[in-house]
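Just so you know, ligand 1 is whichever comes first in the structure, and atom 1 is the first atom listed for that ligand. Computed from heavy atoms alone, side chains included, the values below leave out hydrogens, waters and symmetry copies.
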Amino acid sequence: MLPETTNLIGLDRQAMETFFLSLGEKSFRASQVMKWIHQVGVNDFSEMTNLSKTLRETLSDQCEITPPEIISDDLSVDGTRKWLLRVPGKSAIEMVFIPEDTRGTLCVSSQVGCTLNCSFCATGKQGYNRDLTTAEIIGQVWLAKHMLAEQYQTDQRIVSNVVMMGMGEPLMNFDNVVSAMKIMQDDFCFGLSKRRITLSTAGVVPKIDALKEACPVSLAVSLHAPNDELRNQLVPLNKKYPIKKLLDACNRYVADSARARITFEYVMLNGVNDELQHAEQLSELMKTVPAKVNLIPFNSFEGIDYTRSSNSRINRFRDVLHDNGVIVTVRRTRGDDIDAACGQLAGDVMDLTRRSEKFRQKQLEKIQ
Ligand code: SAH
């Protein structure tokens, strides 16, 4: 068997410095190599001209710079671009780029599938295979940056924002996600400020506290229901970390920043969580934490029974929140013609749970 090589694309500054020290090199080599990999986009050590020939040869022998492999690349009529990426373990993940007038947002996956099984999410229905490595997470940003530079023919920063809102629950893959977000922020790599990185979580309370210590980026929380009874059905994780505990954690997260707000995501499911009484209840909750609410029109996928709230119901819900003094926006649906919208990312998960099988079984029963 060949000896294992180290994939340098996935090393954050600390890990990279440790690596070079272990080779008997100075720690500043970390900055040099990170710049080549992430800023310049080089994946061949022979191009790293400010390293000695011997060091380049050592790196070629012992290391690699390998992002996930692209399986397919789709462009939506609205400019949204979705890539399907192969990852070891007979699986594939998805990432999405959403161009807007003033920014370009990359939506990044953190796991192959997801363990949480929210009742309205396509990823949940695929089951779970494994966590992505840091290399596979940051490798998405690396790939997007270089492919978009080709598409748009510019060296300007095209990916201005990253949202950890692709497949998976980022806080269930804490260490790798934090390392990847550190590389996103590193000035020698992608140089994104912490405000331009948003992590979305279904509410893994202890990890929200840990995130504040390790890497305090912008936080979005998938609330989706204004009371525990309903949230237990939509987001089963709520049984473990109910709303009160979740909102307490949110308050701790923004405690020492006067201006910071938590974004609360709320998927609009027709007749399920979109009644006036829900809007009133949600308004009350939102008075207890610095918040803004982002209403997400439900995106459908094969085999799911929920339907999207009509525009008039969404607007009615928004107006109640607004009249109660809550900051509220409605998320524009992007890329749904190529199944790239929120909750539609399914990739190709070699499921190790029995969840995808059960979901398919239920669909079959419905047809028969
Ligand atoms: N696990 C993370 C990231 C999930 S994806 C989390 O739960 O926050 C980002 C957002 O899309 C979440 O708010 C998620 O609940 C929402 N979402 C999932 N399925 C959806 C669907 N079918 N339609 C619209 N939004 C959906």
Side-chain angles (χ1 to χ4, degrees), residues 80 82 93-96 98 105-128 131-132 137 140 161-174 177 181 197-205 207-208 211 217-225 230-231 233-238 240-241 243 246 249-250 253 262-270 272-274 282 291-309 314 317 329-336 339-347 349 359:
T80 300
K82 179 175 90 166
I93 53 159
E94 299 188 318
M95 75 167 172
V96 177
I98 307 135
T105 304
L106 187 70
C107 178
V108 168
S109 292
S110 57
Q111 295 181 309
V112 184
C114 189
T115 55
L116 297 184
N117 201 16
C118 297
S119 63
F120 50 87
C121 178
T123 306
K125 301 300 162 207
Q126 295 278 306
Y128 170 79
D131 290 347
L132 291 177
I137 300 168
Q140 296 171 60
N161 295 64
V162 171
V163 291
M164 298 302 307
M165 292 189 189
M167 294 167 64
E169 167 51 52
L171 292 187
M172 298 291 263
N173 183 14
F174 189 83
V177 165
M181 294 194 305
I197 302 173
T198 302
L199 182 145
S200 179
T201 177
V204 191
V205 164
K207 297 292 181 187
I208 293 178
L211 185 67
V217 295
S218 302
L219 189 66
V221 169
S222 295
L223 192 61
H224 304 317
L230 184 55
R231 193 163 192 267
Q233 293 167 30
L234 303 179
V235 182
L237 183 68
N238 193 67
K240 194 158 182 197
Y241 304 115
I243 293 175
L246 178 54
C250 290
Y253 197 80
I262 307 283
T263 300
F264 288 94
E265 295 158 293
Y266 195 101
V267 64
M268 297 300 290
L269 301 168
N270 188 38
V272 176
N273 63 354
D274 65 347
L282 181 60
K292 50 188 175 192
V293 172
N294 191 212
L295 302 176
I296 315 177
F298 170 67
N299 295 305
S300 195
F301 53 92
E302 212 186 316
I304 196 77
D305 288 332
Y306 294 116
T307 54
R308 178 188 291 187
S309 312
I314 295 177
F317 198 93
T329 50
V330 179
R331 192 177 291 181
R332 201 148 62 92
T333 301
R334 300 287 303 263
D336 52 346
D339 285 344
C342 305
Q344 292 184 318
L345 301 188
V349 177
F359 186 64

Contacts of type side chain to side chain contact (heavy atoms under 4.5 Å, CB included), residue Ala202, not counting sequence neighbours: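 Applying side chain to side chain contact (heavy atoms under 4.5 Å, CB included) to Ala202 gives Leu116, Glu169, Val235, Leu237.
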Residue list, side chain to side chain contact (heavy atoms under 4.5 Å, CB included) with Ala122, at least two apart or on another chain: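 Ala122 satisfies side chain to side chain contact (heavy atoms under 4.5 Å, CB included) with Phe301 only.
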Under 3.5 Å: N/O of Arg331 near N/O of ligand 1: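 Among all N and O atoms of Arg331, none is under 3.5 Å from an N or O of ligand 1.
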Polar contact flag for Phe301 and ligand 1 (N/O pairs, less than 3.5 Å):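 In this structure, Phe301 places no N or O atom under 3.5 Å from an N or O of ligand 1.
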Contact partition for Val267 relative to ligand 1, non-hydrogen atoms under 4.0 Å: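 Near ligand 1, Val267 shows its side chain, while the N, CA, C and O stay back.
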Contact check, Gly168 vs ligand 1, heavy-atom distance below 4.0 Å: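 Judged by the 4.0 Å heavy-atom criterion, Gly168 does count as contacting ligand 1.
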Close approach, His224 and ligand 1, non-hydrogen under 4.0 angstrom: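 In this structure, His224 qualifies as a contact of ligand 1 - some heavy atom is under 4.0 Å.
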Ala202 neighbourhood, listing ligand 1 atoms whose heavy-atom distance to it stays under 4.0 Å: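 Close to Ala202: 6 (C), 7 (O), 8 (O).
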Atoms of ligand 1, numbered as shown, that sit under 4.0 Å from any heavy atom of Asn299: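 Taking each heavy atom of Asn299 in turn, ligand 1 has 21 (C), 22 (N), 23 (N), 24 (C) under 4.0 Å.
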Which residue and heavy atom of the protein sit nearest atom 11 (O) of ligand 1, plus the separation: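 Protein heavy atom with the smallest distance to atom 11 (O) of ligand 1: Cys342 CB, 3.7 Å.
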Leu116, Leu237, Ile296: member with heavy atom nearest to atom 16 (C) of ligand 1: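 Answer by nearest heavy atom: Ile296.
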Non-hydrogen side-chain atoms of Asn161 and Thr198 separated by less than 4.5 Å: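 Heavy-atom side-chain distance check fails, nothing below 4.5 Å.
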